[in-house]
2 protein chains.
Amino acid sequence: MTIPYESRRASGLSPEFALLGLVEIEPAHGYELHQKLHQQLGEIWRASRSQTYNILARLEEQGYIRGRTEAQANRPSRRRFELTSAGRQRLEEWLITPSTPSAHAIRVDFMSRLYFLYQRDPQAALTAASRQAEVVASHLEELKQRQAALDPQMRFNRLGAGLRIRQLTSLLDWLREVGHEIGNGT
Amino acid sequence: MTIPYESRRASGLSPEFALLGLVEIEPAHGYELHQKLHQQLGEIWRASRSQTYNILARLEEQGYIRGRTEAQANRPSRRRFELTSAGRQRLEEWLITPSTPSAHAIRVDFMSRLYFLYQRDPQAALTAASRQAEVVASHLEELKQRQAALDPQMRFNRLGAGLRIRQLTSLLDWLREVGHEIGNGT
DNA sequence: CAGCTTATACTCACTGAGTGACTATTCCGT
DNA sequence: ACGGAATAGTCACTCAGTGAGTATAAGCTG
C-alpha cells in the first residue's frame, strides 16, 4: 500500500496549495503567481522565484494544473497555468482539512487556507478557525499528558516539550482571537 | 564571493551539530549515535535512521568527522566516528553562536546547544540562554516595527506577522524561565 | 542617444531534508 | 524450532530551497 503524501510529510510545508488557490482565483503564469504570492502572502511564504517555478512544474507533472505556452511579441513567451479538475478537487479538500497542530503549520498552512476561505466567504473562514482551534486544543492536551509522563531525569527533553506546550498555548489564544477579528469585520 | 552556508540557510535545521556534539563526548558508530539522539534528545529531533546516516556521511565528506571501519565477529561491521580538528572547531563555534530568532530554531538548535553546554558547565548554559534571549528580544522589536509599518489592507499579512510576534513573545518568556531553572539547579 | 538599471519570464544544476525499502546476522522468548 | 526484535548499514528516491544564468525590452540618466 502506498502511504499518501500528506501523512508521509506532515511538516515540510511549501506554498503548493497557496499556488493552487491563486491559480483558481485567476489563471496566471509563473512570474505573476510569484509576485502575487509575495504581495498578498509575503509575510507567510518566502519562496524564491525558482522555488515557485519548481512547485508549478511539480504540480503540472502531477496533473493538478495545466500550462499552455503563450508566445508574446517583444517579450519572452510564457506559460499560463489553470487548474485541472484534479487540482480543483485537491484544493477543495485542502480547504476543509485542518492543518497539523504545529506552530509552523498554523502560521503558513492554516493562514493560507484562511486567506482563501475568507475571500470566498468570511463565515467559512470562521468555521475553519474554530475547527482548527479544536484540533490544536486536543493536541495540546495530548502533549501535556506526554510531558507529565516523561522521565524527569531527561531534563532537556522535558524542557523541549515544555516549549512546545507554551507555543501551542499561545497559538491557541491567537486562533481564538482570529476568530473574533473575523467575526466582527476588523 | 561565496556566501557562507549558515546565512544561506538560516532555516533548514538538522541534527548535524547534535551529532557532532555526541561524537565529541564519545566516539561512536552510526547506530549508536542514532539511539543516543533518540534517548537523549528525542523530544527535540526526530531523525530517522537513514537521515542520521545521511548526515554522518555528509559530515565525513566535509571533513568534520572521520570514520574507521571495525570488523566484528558475528556482527555486521561498523564505522566508528570521531571528531577531526575541523569538526571540533565547527562544534565550538556553534556552541557560542546564538540561534536565529525563530521558534523552530530555538526549539531545536538552541535546545541542543543548551544540552551540550550544560553538560560541560551549567554556568555556560546560563550565559548562552541570556545571550539568546537578547537576540530574540531585539528581533521581536524589529518585527513589531515591521508590523506597524505593514499596509493595514494586507490583513492576512498582518495576522501572520501578529502570530509571529506572539510566538516570539512566549518564546522569550520561556527562555527567561529556562535561565531561572538552570540557575537554581532544578 | 549611449549606456545603465530594472522588469519580465523562465531554465538549470546544485545541496540538503527526509523517507521507505532492502540486506544480513544474531539473540531471545515461547 | 522458529518468528521476531535488535544490531548495523546501504540505496534510491522525492521534495525544499538557492544561486547563477539566459534573453529581451522599457525606462531613465547624464
Side-chain angles (χ1 to χ4, degrees), chain A residues 1-19 28-39 45-62 64 67-81 100 104-105 108-109, chain B residues 1-19 28-39 45-62 64 67-81 100 104-105 108-109:
Chain A
M1 186 185 113
T2 313
I3 297 160
Y5 175 82
E6 338 292 327
S7 56
R8 250 167 49 224
R9 304 178 56 83
S11 62
L13 300 216
S14 80
E16 181 182 343
F17 291 100
L19 287 171
H29 51 272
Y31 194 86
E32 209 178 331
L33 289 167
H34 179 68
Q35 286 192 323
K36 285 191 183 171
L37 199 60
H38 250 75
Q39 285 154 20
W45 300 106
R46 293 163 194 287
S48 63
R49 238 182 306 115
S50 22
Q51 171 68 349
T52 302
Y53 284 115
N54 282 345
I55 295 169
L56 289 173
R58 178 161 48 86
L59 287 174
E60 182 170 25
E61 200 182 84
Q62 294 172 338
Y64 298 124
R68 273 195 309 256
T69 303
E70 297 178 345
Q72 296 188 108
N74 299 348
R75 285 213 173 277
S77 66
R78 56 194 188 182
R79 309 199 64 217
R80 178 167 303 271
F81 292 101
T100 54
H104 187 235
V108 297
D109 189 63
Chain B
M1 184 185 118
T2 313
I3 296 161
Y5 174 82
E6 337 292 327
S7 54
R8 249 167 47 223
R9 305 181 53 85
S11 62
L13 301 195
S14 80
E16 180 183 343
F17 291 102
L19 286 172
H29 51 274
Y31 194 86
E32 209 180 330
L33 289 167
H34 179 68
Q35 286 193 322
K36 286 191 182 172
L37 199 59
H38 249 75
Q39 285 155 18
W45 300 106
R46 294 164 193 284
S48 63
R49 235 182 309 118
S50 23
Q51 171 68 350
T52 301
Y53 284 115
N54 282 344
I55 295 169
L56 289 172
R58 178 162 48 85
L59 287 174
E60 181 168 28
E61 199 183 88
Q62 294 172 338
Y64 297 125
R68 273 194 311 255
T69 303
E70 297 179 346
Q72 296 188 109
N74 300 347
R75 285 211 174 279
S77 68
R78 55 195 189 182
R79 308 198 64 216
R80 177 167 302 270
F81 293 101
T100 54
H104 187 235
V108 297
D109 189 63

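Naming convention: chains lettered A, B, ... in sequence-line order (proteins, then strands); numbering from 1 in each chain.
- The separation between B/Glu16 atom CD and C/dA17 atom C1' is 12 Å, rounded to whole Å.
- Here B/Glu60 pairs with B/Arg79 under the side chain to side chain donor-acceptor pair (under 3.5 Å) rule; sequence neighbours left out.
- Following rounding to the nearest Å, B/His34 (NE2) and C/dG20 (P) show an atom-to-atom distance of 12 Å.
- Here C/dA17 is the nucleotide among D/dA6, C/dA17, C/dT8 with the atom lying nearest to any side-chain atom of B/Ser14.
- Rounded to whole Å, atom C1' of D/dT7 lies 14 Å from atom CD of B/Glu70.
- With sequence neighbours excluded, no residue forms a ring-ring contact (aromatic ring centres under 6.0 Å, His included) with B/His29.
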Go through A/Tyr64 and A/Arg58 one step at a time and tell me if the side chain to side chain contact (heavy atoms under 4.5 Å, CB included) criterion holds.
CA-CA 9 Å; A/Tyr64 298 124; A/Arg58 178 161 48 86; over 6 Å; no

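- Between the P atom of D/dA16 and the CG atom of A/Leu59 lies a distance of 10 Å, rounded to the nearest Å.
- Whole-Å rounding puts the B/His38 NE2 to C/dG18 P distance at 13 Å.
- For B/Gln35, no side-chain nitrogen or oxygen approaches OP1 or OP2 of D/dA6 to under 4.0 Å.
- Remark: P of C/dG18 and CG of A/Leu13 are 12 Å apart, rounded to the nearest angstrom.
- Scanning for side chain to side chain donor-acceptor pair (under 3.5 Å) contacts around A/Ser50 gives an empty result, with sequence neighbours left out.
- The side chain to side chain contact (heavy atoms under 4.5 Å, CB included) check on B/Arg68 picks up B/Glu82, with sequence neighbours excluded.
- We find that CG of A/Leu19 is positioned 12 Å from P of D/dG17, with the value rounded to whole Å.
- In terms of position on DNA chain C, the residue among B/Gln62 and A/Phe81 whose nearest nucleotide sits closer to the 5' end is A/Phe81.
- Picking from D/dG9, C/dG16, C/dA9 the nucleotide with the shortest atom distance to the side chain of B/Arg78 gives D/dG9.
- In this structure, the side chain to side chain donor-acceptor pair (under 3.5 Å) partners of A/Arg80, at least two apart in sequence or on a different chain, are A/Glu70.
- Residue B/Thr52 holds its OG1 atom at 13.0 Å from NZ of B/Lys36, rounded to the nearest 0.5 Å.
- For A/Tyr31, no side-chain nitrogen or oxygen approaches OP1 or OP2 of C/dC10 to under 4.0 Å.
- Atom CH2 in B/Trp45 sits about 15 Å away from atom P in C/dG16, given to the nearest Å.
- DNA chain C is contacted by A/Arg49, A/Ser50, A/Tyr53 of residues 46-55 of chain A, taking any non-hydrogen atom closer than 4.0 Å.
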